[in-house]
Novice: 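Mind looking over this structure? Questions follow.
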Amino acid sequence: MDAPVRPLPPVFYQRPVLEVAPALLGSLIVRRVDRHLLVGRIVEVEAYREDDPASHSYRRRTERNEVMFGPGGNLYVYFTYGMHFCANVVTGPEDRGEAALLRAVEPLWGIDAMADRRYGKRRLETRRELLDLTAGPARLCEAFGLGRKDNGRSLQGPDMFLAKGQLGATEKVVSATRIGVSEGKEKKWRWYVDGNPWVSR
DNA sequence: TGGACGATCCCCT
DNA sequence: GGGGATCGTCCAT
């Protein structure tokens, strides 16, 4: 029997990010937007913490990073490179600036609607298009329709939440260094499902 | 007030 | 493997 799909509770998020981030692997991301239901499975994440030079919350509390300092269980969405959005799950207690970046998702449901957002067409034509649909933090934001208006959004639903998921018996979690950071290179604060085709290549 | 740069992606070679 | 797109944020003047 399938378990009911319901939001992971706030207490799930209100733990240290180095615990929460790897625990997110296999979780479902559930999104209702423009009358479409979109579902994916998280397969790659990174942790960012207040004492970490690579984190937006390093040094000062500012207007941009304010959401990271809120209680765990909200979405932190930021704009970068002049054209992309990236989505994070805020973790830890209030006033602790930490979050887990969603880097890759395996699309499960609503793929035609995701394709429409990503490529302007509702039918995928190549395997490459399927793999590029949600592989990467900005790609998954575009596919799931996440943007500026979603910054600070609660993950208790109904239009956006994460739900308990499963890792397959043969699926192995691997930790590695983070992508695209110039400081804090040595920290192995990226986790992914080994061999999953949506993980960054 | 301005300049440098970024938790990226895409297309070209 | 490399570079361009493109603009909000931050910090140094």
Side-chain angles (χ1 to χ4, degrees), chain A residues 13 16-25 27 29 40 42-70 72 74-92 96-107 114-121 124-153 155 162 174-193 197-201:
Chain A
Y13 300 100
V17 68
L18 298 189
E19 282 180 34
V20 178
L24 288 170
L25 294 177
S27 297
I29 170 172
I42 298 170
V43 295
E44 183 179 10
V45 298
E46 286 177 356
Y48 289 87
R49 211 167 68 172
E50 203 172 334
D51 61 348
D52 159 27
S55 174
H56 290 168
S57 57
Y58 187 62
R59 295 153 85 83
R60 322 197 66 70
R61 193 162 168 162
T62 67
E63 196 171 340
R64 176 175 68 155
N65 65 28
E66 181 58 29
V67 172
M68 286 185 80
F69 288 89
N74 294 323
L75 210 54
Y76 167 51
V77 180
Y78 69 89
F79 180 69
T80 192
Y81 290 102
M83 60 188 87
H84 299 303
F85 291 96
C86 295
N88 299 248
V89 168
V90 177
T91 64
R96 183 85 50 83
E98 53 181 50
L101 172 69
L102 304 180
R103 282 202 62 88
V105 161
E106 176 179 341
M114 294 184 200
D116 198 14
R117 287 185 177 282
R118 289 273 294 127
Y119 309 122
K121 59 186 182 187
L124 296 175
E125 289 165 352
T126 64
R127 175 153 179 84
R128 177 60 177 271
E129 285 178 349
L130 175 60
L131 295 180
D132 282 351
L133 195 60
T134 52
R139 290 170 175 163
L140 75 87
C141 276
E142 186 173 30
F144 280 82
L146 295 172
R148 187 180 311 282
K149 67 186 183 314
D150 301 296
N151 187 37
R153 179 190 283 279
L155 287 170
L162 305 187
V174 178
S175 78
T177 58
R178 294 171 295 180
I179 306 279
V181 302
S182 51
E183 297 188 86
K185 273 184 159 58
E186 72 293 347
K187 294 182 170 67
K188 293 177 75 175
W189 287 1
R190 178 165 64 100
W191 294 267
Y192 59 90
V193 177
W198 281 270
V199 169
S200 348
R201 302 179 288 282

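In what follows, chains are A, B, ... by sequence order, proteins preceding strands, each numbered from 1. What you see is a predicted model, and the numbers here were worked out from it, not measured in a lab.
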Novice: Base, sugar-phosphate or nothing for A:Arg118? Non-hydrogen atoms, less than 4.0 Å.
Specialist: sugar-phosphate
Novice: Looking at A:Arg118 and A:Glu142, is there a salt bridge between them, counting it only when a charged N and a carboxylate O are closer than 4.0 Å?
Specialist: yes
Novice: In whole Å, what is the span from the CZ atom of A:Phe79 to the P atom of B:dC9?
Specialist: 13 Å
Novice: Output the single nucleotide from C:dC10, C:dA5, C:dC11 whose closest atom is nearest the side chain of A:Thr62.
Specialist: C:dC10
Novice: What nucleotide, of B:dA7, B:dC9, C:dC10, holds the atom closest to the side chain of A:His84?
Specialist: B:dC9
Novice: Measure from the side-chain heavy atoms of A:Tyr81 and tell me the nearest of C:dA5, B:dG6, B:dA7.
Specialist: B:dG6
Novice: Without decimals, in angstroms, what is the distance between A:Asp132 CG and B:dT8 P?
Specialist: 15 Å
Novice: The side chain of A:Arg59 lies closest to which of these nucleotides: B:dA7, B:dC10, C:dC11?
Specialist: C:dC11
Novice: Hey, does A:Ala54 reach any base, or is it just sugar-phosphate, or nothing, if we go heavy atoms under 4.0 Å?
Specialist: base
Novice: At 4.0 Å (heavy atoms only), tell me whether A:Asn88 reaches a base, stays on the sugar-phosphate, or touches nothing.
Specialist: base
Novice: Between C:dT6, C:dC11, B:dC9, which nucleotide gets closest to the side-chain atoms of A:Met83?
Specialist: C:dT6
Novice: Are there more than 12 heavy atoms of other residues, nucleotides or ligands under 6.0 Å from atom CZ of A:Arg96?
Specialist: no
Novice: Find the runs of at least 3 consecutive base pairs, i with j, i+1 with j-1 and so on, that include DNA chain C, using Watson-Crick or G-U wobble geometry with both distances under 3.5 Å.
Specialist: B:1-6 with C:7-12, B:8-12 with C:1-5
Novice: By the 4.0 Å heavy-atom rule, please label A:Arg64 as base, sugar-phosphate, or nothing.
Specialist: sugar-phosphate
Novice: Applying side chain to side chain contact (heavy atoms under 4.5 Å, CB included), can you list everything that pairs with A:Pro16, at least two apart in sequence or on another chain?
Specialist: A:Glu19
Novice: How about A:Glu50 and A:Ser57: does a side-chain donor come under 3.5 Å of a side-chain acceptor?
Specialist: no
Novice: Within the structure, does a side-chain N or O atom of A:His56 lie under 4.0 Å from either OP1 or OP2 of C:dT9?
Specialist: no
